[in-house]
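Comments concern the structure below.
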Amino acid sequence: MSKPAGFSQRCLHYAFDYQTPKTLVIPDIGVGCVFRFGQLLVLLYVVGYVCVVRKAYQETDSVISSVTTKVKGFAFTNTTDMDPRFWDVADYVIPSQGDNSFFVITNMVVTPNQTQSRCPEVPNPSTTCMDDCDCIEGHSDPRGNGIQTGLCENYSTTAKTCEVLSWCPLEIDTKLPEHALLASAENFTVLIKNSITYPKFNVHRRNILPHINSSYLKRCEFNRATDPDCPIFRLKNIVSEAGEDFKTCWIMDDLYCMFLKGGVLGIIIDWSCDLDWWAGKCYPKYSFRRLDSKHPVNNVAPGYNFRFAKYYKTQDGEETRTLIKAYGIRFDVIVFGTLNVVLFIPVVTDWFMLTCMRKRDRYRKQKVTNLNEDAETESVSAGTSYGTH
Amino acid sequence: MSKPAGFSQRCLHYAFDYQTPKTLVIPDIGVGCVFRFGQLLVLLYVVGYVCVVRKAYQETDSVISSVTTKVKGFAFTNTTDMDPRFWDVADYVIPSQGDNSFFVITNMVVTPNQTQSRCPEVPNPSTTCMDDCDCIEGHSDPRGNGIQTGLCENYSTTAKTCEVLSWCPLEIDTKLPEHALLASAENFTVLIKNSITYPKFNVHRRNILPHINSSYLKRCEFNRATDPDCPIFRLKNIVSEAGEDFKTCWIMDDLYCMFLKGGVLGIIIDWSCDLDWWAGKCYPKYSFRRLDSKHPVNNVAPGYNFRFAKYYKTQDGEETRTLIKAYGIRFDVIVFGTLNVVLFIPVVTDWFMLTCMRKRDRYRKQKVTNLNEDAETESVSAGTSYGTH
Amino acid sequence: MSKPAGFSQRCLHYAFDYQTPKTLVIPDIGVGCVFRFGQLLVLLYVVGYVCVVRKAYQETDSVISSVTTKVKGFAFTNTTDMDPRFWDVADYVIPSQGDNSFFVITNMVVTPNQTQSRCPEVPNPSTTCMDDCDCIEGHSDPRGNGIQTGLCENYSTTAKTCEVLSWCPLEIDTKLPEHALLASAENFTVLIKNSITYPKFNVHRRNILPHINSSYLKRCEFNRATDPDCPIFRLKNIVSEAGEDFKTCWIMDDLYCMFLKGGVLGIIIDWSCDLDWWAGKCYPKYSFRRLDSKHPVNNVAPGYNFRFAKYYKTQDGEETRTLIKAYGIRFDVIVFGTLNVVLFIPVVTDWFMLTCMRKRDRYRKQKVTNLNEDAETESVSAGTSYGTH
């Protein structure tokens with residue numbers, strides 16, 4: 001039927017043939033009406049609400065979120081290292097402003113009355129010395145605590161170490177309290193207020209749902225079974241929902257215990273929802289997850305801690321500070337969500353056409369080309385039969 | 001034409017038939033050239049710039065943003081509760097480092113000279129007592145302010161309350177100043193510097209547009225009508241653009257007044273833009289929105305506040321603090337945007353093929369199968385006519 | 001074949017014809033088996049893992065990330081303006097809690113012993129005066145430093161300026177040290193711990209890779225060539241990888257030198273990866289980029305700085321403060337990534353059908369309609385040949 005083409009001609013065809021999808025047009029007034037009526041509904045919605053009001057044509061939208069948090073509770077500590085002390089929110093929450101990330105101190109190493117002065121280093125293989133020759137003036141060991149003065153001094157009756165210029169006395173952070181100082185932090189509560197917006201579709205929601213009133217909010221506490229909508233969370237419950245075990249934490253010397261060694265906990269609020277024709281059921285779904293690693297392998301410096309200082313001035317104007325190495329739990333409130341607007345018109349029209357119409361068999365035959373095993377033979381015989389007419 | 005198949009055979013067909021989209025190949029050199037030339041242009045762009053330089057093949061890209069903010073202005077307060085006081089940025093902006101979220105104090109309850117000591121509770125139904133029997137030593141009421149010592153003391157000449165161990169004197173936060181202390185905060189200005197990057201396409205933009213010079217920046221102020229490109233915003237204007245009304249705020253005892261009770265305001269910078277062949281017109285669009293709720297229903301603890309403390313040491317080494325319950329406006333700078341790269345080659349080729357080509361009718365006939373009402377009859381008669389030849 | 005239709009009828013067709021894609025069904029058991037087996041594998045994976053375990057049906061997923069940072073290093077300053085001073089992490093890192101954004105002070109203007117009092121303004125055209133008539137009591141110039149008292153006082157022997165109520169003495173920030181005070185900050189290191197989660201597919205990863213052990217982590221330092229997996233970064237290397245030049249910075253009076261004037265640096269961690277059938281190779285890719293602008297044009301207030309204060313109380317209860325205008329580098333750790341799940345079953349089936357099957361030519365003929373130049377003539381002659389049978 002076609003004469004043999006040269007190789008170059010075939011290549012030309014290969015290079016310059018244009019492929020395009022095929023379309024089937026069905027001129028039935030019934031199918032068409034269903035299709036156009038559906039399109040009309042979408043059009044009214046899209047033009048009247050989405051386009052004019054919100055200038056949005058897209059089908060998905062990402063969330064804009066605002067979070068404020070407020071921790072409540074207080075603690076009392078009475079250890080041999082420190083004076084008896086009462087702790088309230090201003091003392092143990094950092095930063096104070098109640099952002100979407102807040103830190104609650106649960107354990108600490110306090111080094112009070114540090115001043116800019118000279119003192120012997122904390123003993124370790126690189127700081128111990130026999131005499132001044134072992135210490136280099138001006139040398140600063142990255143793993144040390146200050147700049148060496150070149151002198152070798154008595155750290156204790158048994159150890160001599162190089163003297164350093166630093167904030168003295170030096171912190172001894174190996175003496176971390178075995179029982180978390182602010183263990184009562186587990187009973188603190190946090191109120192999370194979260195307002196979200198899907199900007200393109202102008203959908204606003206709050207995690208304080210419409211049916212919640214003030215008196216309920218004053219006494220409620222989140223519980224997945226009984227109070228799933230209450231935005232007040234007890235820290236203990238967050239930690240245990242995230243899969244951390246308290247029992248082992250208190251009994252054993254657990255390296256990964258959050259209250260002793262610190263950690264990062266995610267409070268995840270999922271606002272994903274579909275916006276249908278009729279209404280948008282968008283409710284927050286809370287989940288909790290430990291975000292830092294607790295794997296017992298490859299774990300350098302497990303937990304979470306940082307150092308901060310409070311600065312004072314003495315009568316004679318000298319600056320002193322209290323250095324605090326704070327261990328505790330950082331709570332990151334993570335809000336995510338996607339709004340999907342369901343536009344399902346084509347699906348409905350196809351379904352109507354292929355099931356309800358009188359001529360559904362003809363439409364299906366054209367829409368779906370069925371390459372039968374015997375198709376070639378049949379079409380030939382069909383052609384023949386045409387001829388015999 | 002086909003013999004009746006058994007049910008099982010039909011099921012087999014249903015289960016193992018494979019559906020695949022059909023393609024139409026048009027071997028016309030004209031259409032092909034347009035198609036290939038368009039592809040060549042895309043290819044040059046994609047290979048030369050996108051792939052080689054940026055290793056990006058995707059059509060959309062999300063924004064990476066960096067924000068710095070700097071508030072300017074000062075205030076002076078002179079109330080009966082406090083000494084006359086001058087306030088500058090270091091006093092009223094928290095946190096100080098000018099991040100994408102900053103808080104400006106507008107009102108406050110200050111409790112100076114608190115020390116770790118004992119004092120009678122603030123009177124309320126759960127703290128008032130007749131004698132020591134009503135107070136339980138060691139008990140800590142979550143709604144109270146400290147740990148009960150077991151004594152019942154005179155709070156005033158008329159009220160007796162349980163004594164607590166706490167930071168004393170206790171804060172009395174019901175006495176919030178009726179007129180915002182730092183009302184002049186409305187005249188503070190904030191300079192927002194925002195640099196964005198669409199990493200895949202290596203597009204960089206700043207909100208300080210190229211045509212803005214230093215002298216303009218020193219005196220300009222954002223105004224949607226006259227200065228829409230100036231990145232310096234007066235807090236008053238932000239608040240009123242977000243739909244808050246000042247008048248009612250000052251006159252009435254408005255529970256939702258931002259300057260009295262605090263709130264969260266979003267400064268939203270939208271960098272969404274299309275990157276066309278020729279150039280990318282990406283300009284920031286500013287909008288302002290109140291992010292916390294101001295609905296008068298279901299509103300527990302309206303507004304936004306938090307407590308922080310400044311710590312001091314007295315001559316004899318005792319720690320004292322000034323507790324500040326700060327009300328104010330938290331400004332969240334929210335940057336979002338999507339970069340769309342318009343690749344419109346197939347559309348152009350189709351349009352060319354179906355409108356400009358000499359054989360456009362034949363192409364359209366094949367591209368679009370028109371299932372005419374009389375189609376079946378026609379094809380039969382066509383077959384017949386072939387036979388009579 | 002079709003009688004000429006009226007214009008209105010054509011419009012009707014145009015309006016109510018429904019277009020739908022066509023499908024080709026191939027009833028070959030071989031193709032079908034490959035197709036169904038592929039589907040079965042996907043189904044097992046989707047139902048067994050994705051749907052049941054994670055309730056996820058989507059093909060892409062966005063990252064949830066948690067970052068903690070810890071800076072190490074100390075510095076010593078000895079200038080004429082200040083007493084010799086030792087600096088450690090608690091002194092130079094703001095905020096202290098090691099979030100995904102941290103700031104390292106590299107230069108500063110310190111104004112100690114400020115008290116609420118009166119002092120003459122810093123001289124500039126708008127503050128200089130001849131006598132008291134030039135100063136308006138209660139006036140506050142937005143570019144000034146306080147509220148005018150109405151007096152004209154001697155600022156120095158040569159200049160008279162209006163007296164203001166403010167924190168006195170006033171800061172003189174034109175005297176910025178020419179050599180960055182904490183130049184040794186370039187040798188500080190930062191450990192970045194980053195854990196990510198793709199929530200829909202339950203994929204967890206850390207930037208501390210499985211093959212890294214504690215002893216390696218204690219001594220390693222990131223180097224793109226030799227140690228690309230080490231999560232400990234030297235600030236100097238970050239800055240130079242971001243394209244900043246140190247040499248010019250120290251030698252010239254460079255307005256854009258980060259260590260002198262401050263800046264914002266992005267540490268970008270890219271977790272984009274594909275999740276295949278067999279395994280998910282998701283490794284972090286680090287890159288560094290200066291996020292604030294360093295263009296020498298249109299640059300008002302280049303660099304990055306902010307003011308903060310440390311508050312003290314004197315013996316007699318008066319509040320004093322040390323105001324610090326801190327210049328330095330803000331490091332923003334930016335984590336992004338998309339997880340793509342590759343579902344490639346249809347592609348494999350098509351390839352199998354069109355290359356391996358015995359009847360591949362017939363399938364190709366039906367799948368791809370080749371509109372040959374001579375097609376019309378051929379089909380007529382074909383019809384004729386049928387007739388002659």
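Every chain is numbered from 1, with letters handed out A, B, ... down the list of sequences. Owing to the predicted nature of the structure, the values given are computational and were not obtained by experimental measurement.
The residue among Gly146(B), Ser140(B), Pro95(B) with the most heavy atom pairs within less than 4.5 Å of chain A is Gly146(B). Contacts with chain A were tallied for Ile324(B), Val264(B), Asn145(B), Ile268(B); Asn145(B) has the most, counting heavy-atom pairs under 4.5 Å. The candidate from Phe308(B), Trp167(B), Phe103(B), Tyr312(B) with the greatest count of non-hydrogen atom pairs under 4.5 Å with chain A is Trp167(B).
Heavy-atom distances place the side chain of Leu323(B), and not its backbone, under 4.5 Å from chain A. Contact annotation for Gln315(A): only side-chain heavy atoms (C-beta onward) come within less than 4.5 Å of a heavy atom of chain B. Using a 4.5 Å cut-off between heavy atoms, Tyr311(B) touches chain A through backbone and side chain atoms alike. Only the side chain of Thr322(A) comes within less than 4.5 Å of a heavy atom of chain B; its backbone N, CA, C and O stay farther away. In this structure, chain A has no heavy atom under 4.5 Å from any part of Ser287(B). Neither the backbone nor the side chain of Val71(A) comes within contact range of chain B; no heavy atom of the residue lies under 4.5 Å from a heavy atom of that chain. Thr197(A) touches chain B through its side chain: at least one heavy atom from C-beta onward sits under 4.5 Å away, while N, CA, C and O do not. Heavy atoms of Lys310(A) lying under 4.5 Å from chain B belong exclusively to its side chain. Using a 4.5 Å cut-off between heavy atoms, Asp99(A) touches chain B through backbone and side chain atoms alike. For a residue to count as touching a neighbouring chain, one of its non-hydrogen atoms must lie under 4.5 Å from one of that chain's; by this rule Asn305(B) touches chain A with backbone and side chain alike.
Taking 4.5 Å as the limit, some side-chain heavy atom of Ile94(B) sits within range of a side-chain heavy atom of Phe306(B). The side-chain heavy atoms of Val67(A) and Ser101(A), taken from C-beta on, include no pair separated by under 4.5 Å. Taking 4.5 Å as the limit, some side-chain heavy atom of Arg330(B) sits within range of a side-chain heavy atom of Thr68(A).
Residues forming a salt bridge (charged side-chain N to carboxylate O under 4.0 Å, His left out) with Arg321(A) (at least two apart in sequence, or on another chain): Asp88(C), Asp91(C). Glu137(B) meets the salt bridge (charged side-chain N to carboxylate O under 4.0 Å, His left out) test with no other residue; sequence neighbours excluded.
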| Steps toward side chain to side chain contact (heavy atoms under 4.5 Å, CB included) verdict (Ser65(A), Phe336(A)) | CA-CA 8 Å; Ser65(A) 160; Phe336(A) 74 98; over 6 Å; no

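More than 12 heavy atoms of other shown residues, nucleotides or ligands fall within 6.0 angstrom of atom NZ in Lys285(B).
Under a 3.5 Å cut-off, the side chain of Asp332(B) and the backbone N or O of Ile334(B) do not form any donor-acceptor pair.
Looking at Ser126(B) and Asp141(B), their side chains do bring a donor and an acceptor atom within 3.5 Å of each other.
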